[in-house]
Amino acid sequence: MSPRSASVNEELRRRSRERLLQAAVELVGERGYDATTLGDIADRAGSARGLVSYYFPGKRQLVQSAVHRLMHRTLEEALEREPRTEDGRERMARAIDAILGLARDRPVLMRQHMAGILQAEGFMQCPEQRRLAELLRDTMVRHGSADVDSDYPMLRALLMGSVYAAVVPGAPMPVPVLRAELFKRYRLGWELGLPPETGACGGRGDMDLSRFFATGAAPECDPRGQSK
């Protein structure tokens, strides 16, 4: 049997990593961080357990990457949904609603994510986090920022603070209240984005995450080792 081509091997590795990210998001959202093991994640992903350490240094890094993937794809979906717009105020409203929607729809997952950032390892950069940062910076630019290097970190801090306030155990703040404060700061009309009364604040509220992770069937190979 002819060996697989380099491109097919790369695609297989990409899909394997994606399955691990999706499994991590699903399991931590269902059980919490401490009750989820790397073995559980590998089993849910249908991967060999040794592959987890091949892609990620440890569970904390895997989970942070997984949540950042969910965040950047949720944000991307919100910004590009129909009707598409280049209006900076509408895009800022959509960005705020997308992130607050995750806090509302997936409180266990987002609570564990915030707790992880406060651990000794702290905030860890990864490709998923960099994509999230790019989208938020672009949102800030389109909103009219004259100093994005200062305004983007503030937007990030305000969103992180709002997520924390929405998911803190025992005393969560209502998402509409947090939304109102952010909209006031960025001078956004309440009707922009997805107001709470529409039944969604950014997410779709469903539990199917497959659209955020490229985990389809692996490419087939012809006898010469090329993908079909």
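Fair warning: this is a prediction, and the values are worked out from it, not measured in the lab.
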Main chain of [Y], side chain of [X]: is a donor-acceptor contact present, judged purely on distance under 3.5 Å?
{"X": "His68", "Y": "Gln64", "result": "yes"}
{"X": "Asp151", "Y": "Val148", "result": "no"}
{"X": "Tyr55", "Y": "Ser16", "result": "no"}
{"X": "Arg91", "Y": "Thr85", "result": "yes"}

Check ion pair [X]-[Y] (N to O, under 4.0 angstrom):
{"X": "Glu134", "Y": "Arg137", "result": "no"}
{"X": "Asp87", "Y": "Arg142", "result": "no"}
{"X": "Asp43", "Y": "Arg49", "result": "yes"}

I need the single residue from Arg106, His113, Glu128 that forms a side chain to side chain contact (heavy atoms under 4.5 Å, CB included) with Leu70. Which is it?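 Answer to the side chain to side chain contact (heavy atoms under 4.5 Å, CB included) test with Leu70 among Arg106, His113, Glu128: Arg106.
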
Path from Val108 to Ile99 over hydrophobic side-chain contacts below 4.5 Å: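 No, Val108 does not connect to Ile99 through the hydrophobic network.
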
Kindly work out whether a path of hydrophobic side-chain contacts (I/L/V/M/F/W/Y, heavy atoms less than 4.5 Å apart) joins Tyr54 to Phe56.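 Cluster IDs for Tyr54 and Phe56 match.
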
What's the shortest heavy-atom distance between [X] and [Y], and which atoms?
{"X": "Leu178", "Y": "Ser162", "answer": "CD1-O, 3.4 Å"}
{"X": "Gly193", "Y": "Glu90", "answer": "N-OE1, 3.2 Å"}
{"X": "Leu136", "Y": "Leu75", "answer": "CD2-CD2, 3.7 Å"}
{"X": "Arg179", "Y": "Leu194", "answer": "NH2-C, 3.7 Å"}
{"X": "Gly32", "Y": "Thr36", "answer": "O-OG1, 2.8 Å"}
{"X": "Pro195", "Y": "Trp190", "answer": "CG-O, 3.3 Å"}

Separation of [Y] [atom2] from [X] [atom1] (nearest 0.5 Å):
{"X": "Leu155", "Y": "Leu159", "atom1": "CG", "atom2": "CG", "result": "4.5 Å"}
{"X": "Met160", "Y": "Met110", "atom1": "CE", "atom2": "CE", "result": "9.0 Å"}
{"X": "Met92", "Y": "Ser145", "atom1": "CE", "atom2": "OG", "result": "8.5 Å"}
{"X": "Glu191", "Y": "Phe183", "atom1": "CD", "atom2": "CZ", "result": "9.0 Å"}
{"X": "Leu132", "Y": "Gln125", "atom1": "CG", "atom2": "CD", "result": "11.5 Å"}
{"X": "Gln129", "Y": "Arg69", "atom1": "CD", "atom2": "CZ", "result": "13.0 Å"}

Is there a side chain to side chain contact (heavy atoms under 4.5 Å, CB included) between Leu21 and Leu62? Walk through the geometry before answering. CA-CA 7 Å; Leu21 291 172; Leu62 167 55; 4.0 Å; yes

If you draw a 6.0 Å radius around OH in Tyr33, do more than 12 non-hydrogen atoms from other residues or ligands fall strictly inside?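 Enclosed: over 12 neighbouring heavy atoms sit under 6.0 Å from OH of Tyr33.
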
Walk me through it: do Arg185 and Leu158 pass the test side chain to side chain contact (heavy atoms under 4.5 Å, CB included)? CA-CA 10 Å; Arg185 179 182 180 88; Leu158 290 169; 3.2 Å; yes

Compare all side-chain heavy atoms of [X] with those of [Y] and state whether any distance is below 4.5 angstrom.
{"X": "Tyr186", "Y": "Arg89", "answer": "no"}
{"X": "His143", "Y": "Leu188", "answer": "yes"}
{"X": "Arg73", "Y": "Arg131", "answer": "no"}
{"X": "Thr37", "Y": "Asp40", "answer": "yes"}
{"X": "Pro127", "Y": "Arg17", "answer": "yes"}
{"X": "Ser47", "Y": "Val52", "answer": "no"}

In a check of side chain to side chain donor-acceptor pair (under 3.5 Å) between Arg84 and each of Glu82, Glu80, Glu86, which one passes?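 Among Glu82, Glu80, Glu86, the one meeting side chain to side chain donor-acceptor pair (under 3.5 Å) with Arg84 is Glu80.
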
Testing the 3.5 Å rule here: is there a donor-acceptor pair between the side chains of Glu18 and Gln22?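 Side-chain D/A pair, Glu18 to Gln22: absent.
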
Let's go through Glu181 and Lys184 carefully: what are the C-alpha distance in whole Å and the side-chain angles of both, what is the deciding distance for salt bridge (charged side-chain N to carboxylate O under 4.0 Å, His left out) to 0.1 Å, and is it a yes or a no? CA-CA 5 Å; Glu181 283 299 309; Lys184 180 179 179 181; 5.2 Å; no

Side chain to side chain contact (heavy atoms under 4.5 Å, CB included) between Leu100 and Leu102, worked out: CA-CA 5 Å; Leu100 290 181; Leu102 285 172; over 6 Å; no

Checking Arg19 against Arg15 for the side chain to side chain contact (heavy atoms under 4.5 Å, CB included) test, could you report, in this order, the C-alpha distance in whole Å, the side-chain angles of both residues, the deciding distance, and whether it holds? CA-CA 6 Å; Arg19 285 194 296 271; Arg15 290 183 182 276; 3.8 Å; yes

